[in-house]
Amino acid sequence: MKEELAKAYDPKETEGKIYRLWEEGGGFQPRTKNSEQRTYAIHLPPPNITGSLHMGHALNATIADILIRYHRMKGDKTVWFPGTDHAGIATQNVVEKQLKKEGMSRWDLGREKFIEKVWEWKNKYGNIIIEQLKKLGASADWSRLRFTMDENYANWVKKAFIHYYEKGLIYRGKRIVSWCVACQTSLSDLEVEYKEESGKLWFIKYPIVAPTPRGRSDNYVIVATTRPETMLGDVAVAVNPKDKRYKNLIGKKILLPLQNREIPIIADDKIDMIFGTGAVKVTPAHDLLDAEIGERHKLEPIDIIDERGRMTAAAGEKFKGLKVAEAREKVVRELEEAGLLEKIEDYKHNVAICYRSGTVLEPLRSNQWFLRMVDHPQNPKSIRQSADKNQKLGTSLRDAVLNAVKSGKVKIIPENFEKILFSWLENIHDWCISRQIWWGHQLPVWFHEPKCIPKKGHESDVVKCKEMVVAVEKPQCEFCDAEFKQSEDVLDTWFSSALWPFAGLSEADLKDFYPSNVLITARDIINLWVGRMIFSGLEFQKAMPFPEVLIHATILTKEGKRMSKSLGTGIDPLGLIEKYGADATRFGIIWQTMGTQDIHWDEAAVQAGKKFANKLWNIARFSLMKIENSKFKIQKLKLQVKIQNNEDRKILQKLDEVKKIVEKNINSYEFGPALHALYDFIWHDFADKYIELVKDRQDEEADLVLQHALFSILKMLHPFMPFITESIYQKIGLEKKDLLMIESWVD
RNA sequence: GGGCAUUUAGCUCAGUGGUAGAGCGUUGCAUUCACAUUGCAAAGGUCACUGGUUCAAUCCCAGUAAUGCCCACCA
């Protein structure tokens with residue numbers, strides 16, 4: 001059927017229709033086209049259900065969509081796996097905020113009701129971002145949509161936990177963790193952020209017990225601290241063993257002010273002689289370094305701050321129950337009154353804050369679960385720098401990742417981001433995987449109720465009752481009637497995200513599409529996510545989850561600053577789609593994607609994309625009109641005539657060159673250059689020159705070359721600008737015709 | 001404190017060991033011919049700075065400066 005093309009391209013009129021056409025045509029599902037059975041798979045980094053599309057997602061999804069559409073046209077059995085992440089703390093915070101507006105807290109509701117509320121919220125808002133990705137033209141297979149809390153995904157999470165536990169890699173212990181008083185949970189190292197703060201450095205006099213000669217000023221040691229209130233939990237004062245100033249004080253005792261406790265002066269080479277006074281108060285319960293020192297010197301920690309951020313009884317009667325800030329004031333005041341405050345200096349330093357709530361974190365000791373990262377004391381630095389790529393590493397999870405990257409089993413693109421991974425791995429601590437929030441995967445850990453009622457005939461076996469069982473299902477005690485109760489902790493969200501390349505996939509998909517071909521992601525989650533997916537894949541699938549990791553650009557503001565919602569500097573991709581159309585938006589993004597250089601966002605590129613779309617539209621309008629009026633109707637897409645005319649030969653040759661450039665660029669993830677080449681060719685070679693030349697020609701060859709070039713252009717441009725190319729293609733009067741999206745690539 | 005990256009036209013960015021390129025913007029001309037969301041043309045640059053290698057450096061090397069990003073348990 002003939003259909004007149006409008007004079008200008010209208011994305012609004014087109015995009016919805018075309019997307020439905022694709023979906024109804026089953027274009028997103030994988031299919032086998034050639035006999036080679038090559039597969040191509042990408043996993044969408046699952047966006048948080050709390051999120052809405054930002055430029056980073058748009059860039060990521062556009063890149064993935066280009067690769068997916070290209071490989072699909074190439075004939076590979078292609079699939080793009082989409083899904084969303086339950087995003088533990090983030091989602092819980094959103095729902096808690098909502099509750100707060102109603103004057104409630106999660107505690108008022110109770111755990112069960114609260115989780116119901118979160119599910120309600122998820123069902124209502126959790127797929128917004130998926131709908132937004134569709135607007136962008138993402139050709140993901142929505143029939144394979146997953147959620148990190150789906151039932152079989154959850155089963156994988158439990159399986160993984162139990163596997164690690166039985167292997168001895170998961171352990172429970174009372175350790176210092178970063179504790180968020182607002183979220184009431186522990187955080188992993190990677191969830192801690194730092195904020196510069198102008199604080200104070202207090203210099204406190206600690207009297208030495210063994211009296212030095214009277215009247216001398218050295219009958220106390222001065223320590224400098226940013227957190228005077230923690231002195232209530234001091235168990236020692238540490239100095240560097242090489243420090244001459246304190247050499248003869250080592251081993252002597254100090255009478256801890258306000259607490260009137262005797263504590264030793266110890267030597268530890270971790271102490272920096274330059275900083276402060278060179279003497280450090282040691283509070284092993286509330287500082288990581290101090291905990292390390294405390295352990296080395298076998299000093300018992302004293303917990304003086306509790307999980308609500310209040311002082312405990314151990315802080316002393318006067319301080320018990322006070323908030324940390326209040327305690328600080330009071331400690332300072334009392335020290336001053338006692339004449340033990342030497343001086344106060346202004347001091348700028350970084351304080352650790354919660355990446356979700358922004359609250360200052362309290363390092364404190366808490367019962368948590370850890371995943372062991374390192375299994376032997378080998379110096380990792382020497383591993384990385386070693387020239388011998390086959391050098392044996394240990395079998396720890398950390399070493400598995402190191403090994404994979406070092407041996408090239410996984411390639412990080414660009415290569416220099418390997419360093420980010422290496423430096424994290426070199427200093428890695430065991431991963432605190434338990435959280436005290438409610439929304440997430442509850443640990444498959446069961447505790448025996450303390451009250452034990454022995455079964456008949458088992459009165460003497462009661463001692464054999466297990467206190468704790470790690471299992472998928474609730475266990476039953478052999479010897480008594482006491483109920484097992486599931487641990488209230490949930491797992492760190494990233495524990496489940498780490499299983500993303502395989503968890504929740506059907507067995508058939510796992511067989512066909514594991515490993516996937518490339519992981520596309522932003523640099524800020526290289527450690528948080530990529531590193532953990534690598535060891536999870538190796539652990540549970542015995543193979544790398546992906547051979548390549550493409551770290552794409554970060555989109556910054558035009559001024560080169562980070563885009564931030566709170567500062568209002570963020571660009572909304574949906575606004576761009578609304579204003580210019582999805583193709584123009586994709587064009588604008590990719591136009592600026594040169595290598596992996598960060599992008600200083602310039603909307604002019606999107607405007608250029610809109611103009612280009614219109615140009616293409618009119619190229620098609622002219623070409624189709626000419627061909628329609630020609631006696632030489634289109635039969636096939638292939639050009640099968642011998643070319644006589646020189647101009648024809650020239651344009652076909654150029655077309656072939658462009659094809660090679662585009663293929664080469666896509667294969668090496670150079671999307672910007674590919675688009676620039678297409679743009680130049682289409683506008684300046686094809687439209688400006690060839691079409692002008694061909695206007696007066698009436699011969700068959702001209703018409704055939706014109707249509708061949710047009711089809712080739714539509715195909716090559718399709719991965720970049722899918723809507724308009726498909727829309728034009730659908731208007732071509734061919735006999736047998738499929739969707740352009742599954743049409744075969746230019747040959 | 002450590003690491004990485006960037007610096008080229010008014011703006012956002014490509015690029016090459018041998019007279020410098022695009023998009024947007026600017027200026028002039030053209031046009032009821034597919035497209036004014038157009039065509040043709042023009043103006044506009046000591047390629048951050050200093051030194052080195054070279055017959056020749058915007059490009060390679062070293063250093064400096066500015067900017068940005070990431071990592072880090074200095075009290």
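To find a chain, count down the sequence lines: A is the first, B the second, and so on, and within it residues start at 1.
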Exercise for review: Nearest whole angstrom, please: distance from the P of B:A75 to the CG of A:Leu289.
Suggested key: 10 Å
Practice item. Please indicate whether A:Glu295 has more than 12 foreign heavy atoms, meaning atoms of other residues, nucleotides or ligands, lying under 6.0 Å from its CD. Key: no
Practice item. In whole angstrom, give the distance that lies between atom CG of A:Asp10 and atom P of B:C35. Key: 17 Å
Check your understanding: Where each residue is assigned the nucleotide of RNA chain B containing its nearest heavy atom, which of A:His429 and A:Ile420 is assigned the position nearer the 5′ end?
Key -> A:Ile420
Review point. Where the side chain of A:Leu288 is defined as all heavy atoms beyond and including C-beta, which of B:A75, B:A34, B:C73 is the nearest nucleotide?
Key: B:C73
Review point. Looking across every strand, which nucleic acid part, if any, lies under 4.0 Å from A:Lys7 by heavy atom: base, sugar-phosphate, or nothing?
Key: sugar-phosphate
Review point. Which pairs count as side-chain hydrogen bond (donor to acceptor under 3.5 Å, both in side chains) when at least one residue sits in residues 224-242 of chain A, sequence neighbours excluded?
Key: A:Tyr206-A:Asp234, A:Arg227-A:Glu229, A:Arg227-A:Glu362, A:Glu229-A:Arg328, A:Thr230-A:Lys281, A:Asp234-A:Lys281, A:Asp234-A:Thr283
Practice item. Apply salt bridge (charged side-chain N to carboxylate O under 4.0 Å, His left out) to A:Arg697 and list each qualifying residue two or more places apart in sequence or on a separate chain. Key: A:Asp648, A:Asp699
**Study point:** A:Asp243 with A:Arg245: basic N within carboxylate O range, under 4.0 Å
**Key:** yes
Exercise for review: Quick one: label A:Ala352 by what it contacts on the DNA or RNA (base, sugar-phosphate, nothing), any heavy atom closer than 4.0 Å.
Suggested key: nothing
Exercise for review: Please check if any side-chain donor atom of A:Tyr690 sits under 3.5 Å from a side-chain acceptor atom of A:Glu647, or the reverse.
Suggested key: no
Check your understanding: So what does A:Ile691 touch, heavy atoms closer than 4.0 Å: a base, only the sugar-phosphate, or nothing?
Key -> base
Review point. Contact class for A:Lys561 (heavy atom, under 4.0 Å): base, sugar-phosphate, or nothing?
Key: sugar-phosphate
Show me, pair by pair, the donor-acceptor contacts under 3.5 angstrom made by side chains of residues 671-683 of chain A, not counting sequence neighbours?
| residue | atom | partner | partner atom | Å |
| --- | --- | --- | --- | --- |
| A:His676 | NE2 | A:Trp591 | O | 3.0 |

Review point. What is the distance from CZ of A:Phe686 to C1' of B:C35, rounded to the nearest Å?
Key: 14 Å
Check your understanding: With a 4.0 Å cut-off on heavy atoms, is A:Arg562 in touch with a base, just the backbone sugar-phosphate, or nothing at all?
Key -> sugar-phosphate
Practice item. With sequence neighbours left out, write down each residue that passes salt bridge (charged side-chain N to carboxylate O under 4.0 Å, His left out) with A:Lys200, or none if nothing qualifies. Key: A:Asp346
Point to revise | Nucleotide nearest A:Glu292 when distance is taken to its side chain, options B:G23, B:C73, B:C69 | key: B:C73
Practice item. Give, for atom OG of A:Ser178 and atom CD of A:Glu193, the distance between the pair rounded to the nearest 0.5 Å. Key: 12.0 Å
Revision key, fill the gap. Contacts of A:Lys695 meeting salt bridge (charged side-chain N to carboxylate O under 4.0 Å, His left out) (sequence neighbours excluded), chain-then-number -> A:Glu692
Review point. Does A:Tyr347 have a side-chain nitrogen or oxygen under 4.0 Å from the phosphate oxygens OP1 or OP2 of B:A75?
Key: yes
Revision key, fill the gap. Per-nt protein contacts along nucleotides 6-16 of chain B (heavy atom under 4.0 Å; B base, S backbone sugar-phosphate only, - none) come out as S----SSSS--
Check your understanding: Using the P atom in both, what is the distance from B:A57 to B:C47, to the nearest Å?
Key -> 12 Å
Revision key, fill the gap. When rounded to whole Å, the CG to C1' distance for the pair A:Leu693 and B:A34 reads 15 Å
Revision key, fill the gap. Residues passing the side-chain contact (heavy atoms from CB on, under 4.5 Å) test with A:Val280, sequence neighbours excluded, are A:Ile271
Exercise for review: Would you indicate whether A:Lys411, at its atom NZ, is surrounded by more than 12 heavy atoms from other residues, nucleotides or ligands within a distance under 6.0 Å?
Suggested key: no
Point to revise | Contact check, side chains of A:Trp601 and A:Gln592, non-hydrogen atoms, under 4.5 Å | key: yes
Under 3.5 Å, which N/O atoms of the protein pair with N/O atoms of nucleotides 1-4 of chain B?
| residue | atom | partner | partner atom | Å |
| --- | --- | --- | --- | --- |
| B:C4 | OP1 | A:Lys419 | NZ | 3.3 |
| B:C4 | O2' | A:Asn416 | ND2 | 3.2 |

Practice item. Sticking with atom P, work out how far B:G3 lies from B:A72, rounded to a whole angstrom. Key: 15 Å
Practice item. Nearest whole angstrom, please: distance from the P of B:A75 to the CD of A:Glu345. Key: 14 Å
Point to revise | Heavy-atom protein contacts under 4.0 Å, nucleotides 37-42 of chain B, coded B base, S sugar-phosphate only, - none | key: BSSS--
Practice item. Counting Watson-Crick and G-U wobble pairs whose two distances are both under 3.5 Å, find the runs of 3 or more in a row that involve RNA chain B. Key: B:1-7 with B:65-71, B:10-13 with B:21-24, B:26-30 with B:38-42, B:48-52 with B:60-64
Review point. Taking the C1' atom of each, how far is B:G21 from B:C4, in whole Å?
Key: 28 Å
Exercise for review: Can you tell me, in whole Å, how much space there is between the P of B:U8 and that of B:C60?
Suggested key: 15 Å
Point to revise | Distance between P atoms of B:A22 and B:A65 (Å, rounded) | key: 35 Å
**Study point:** Check: A:Gln368/A:Ser366 side-chain N/O donor and acceptor closer than 3.5 Å
**Key:** yes
Exercise for review: Whole angstrom is fine here: how far is it from CD1 in A:Ile428 over to P in B:C73?
Suggested key: 12 Å
Check your understanding: Under 3.5 Å, is there a donor-acceptor pair between the side chain of A:His552 and the main chain of A:Ile520?
Key -> no
Practice item. Using the C1' atoms only, state how far B:G28 lies from B:A34, rounded to an integer number of Å. Key: 26 Å
Check your understanding: Separation of A:Asn240 atom CG from B:A75 atom C1', in whole Å?
Key -> 14 Å
Practice item. Quote, to the nearest angstrom, the P distance that separates B:U19 from B:C24. Key: 28 Å
**Study point:** Residue list, side-chain hydrogen bond (donor to acceptor under 3.5 Å, both in side chains) with A:Lys660, at least two apart or on another chain
**Key:** A:Asp656
Review point. By salt bridge (charged side-chain N to carboxylate O under 4.0 Å, His left out), which residues pair with A:Asp290, not counting sequence neighbours?
Key: none
Exercise for review: Take atom CG of A:Asp703 and atom P of B:A34, then tell me their distance rounded to the nearest Å.
Suggested key: 14 Å
Practice item. Between B:A48 and B:G15, how far apart are the P atoms? Round to whole Å, please. Key: 15 Å
